[in-house]
Amino acid sequence: MKWGGDGLIISNVFGIRTFWDWQHNQERENDLDWRKNMIQIEMRVSEIETFRAIE
């Protein structure tokens, strides 16, 4: 897939923030352990087609 006129080629697309945005408690997002766990979850599902397709 090409994008723009600069010859930039998109080689892979990942789903991100699939679950992060479901969490509405803003104070919880400041918890470092919560953030680390959420990033691990996000990375695990980032290449699964079902989750990549979520908009």
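Atom set for the values below is all heavy atoms of this structure, side chains included, hydrogens, waters and symmetry mates excluded.
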Report task. Mind checking side-chain contact (heavy atoms from CB on, under 4.5 Å) for Ile48 and listing every partner two or more places apart, or none if nothing turns up? Result -> Val45, Thr50, Phe51
Requested in this report: Using a cut-off of 6.0 Å, state whether more than 12 heavy atoms not belonging to Gln40 lie near its atom CD.
Outcome: yes
Query - Set of side-chain contact (heavy atoms from CB on, under 4.5 Å) partners for Arg35, sequence neighbours left out - result: Trp20
Query raised in the report: Can you name the side-chain contact (heavy atoms from CB on, under 4.5 Å) partners of Asp33, sequence neighbours left out?
Result: Asp31
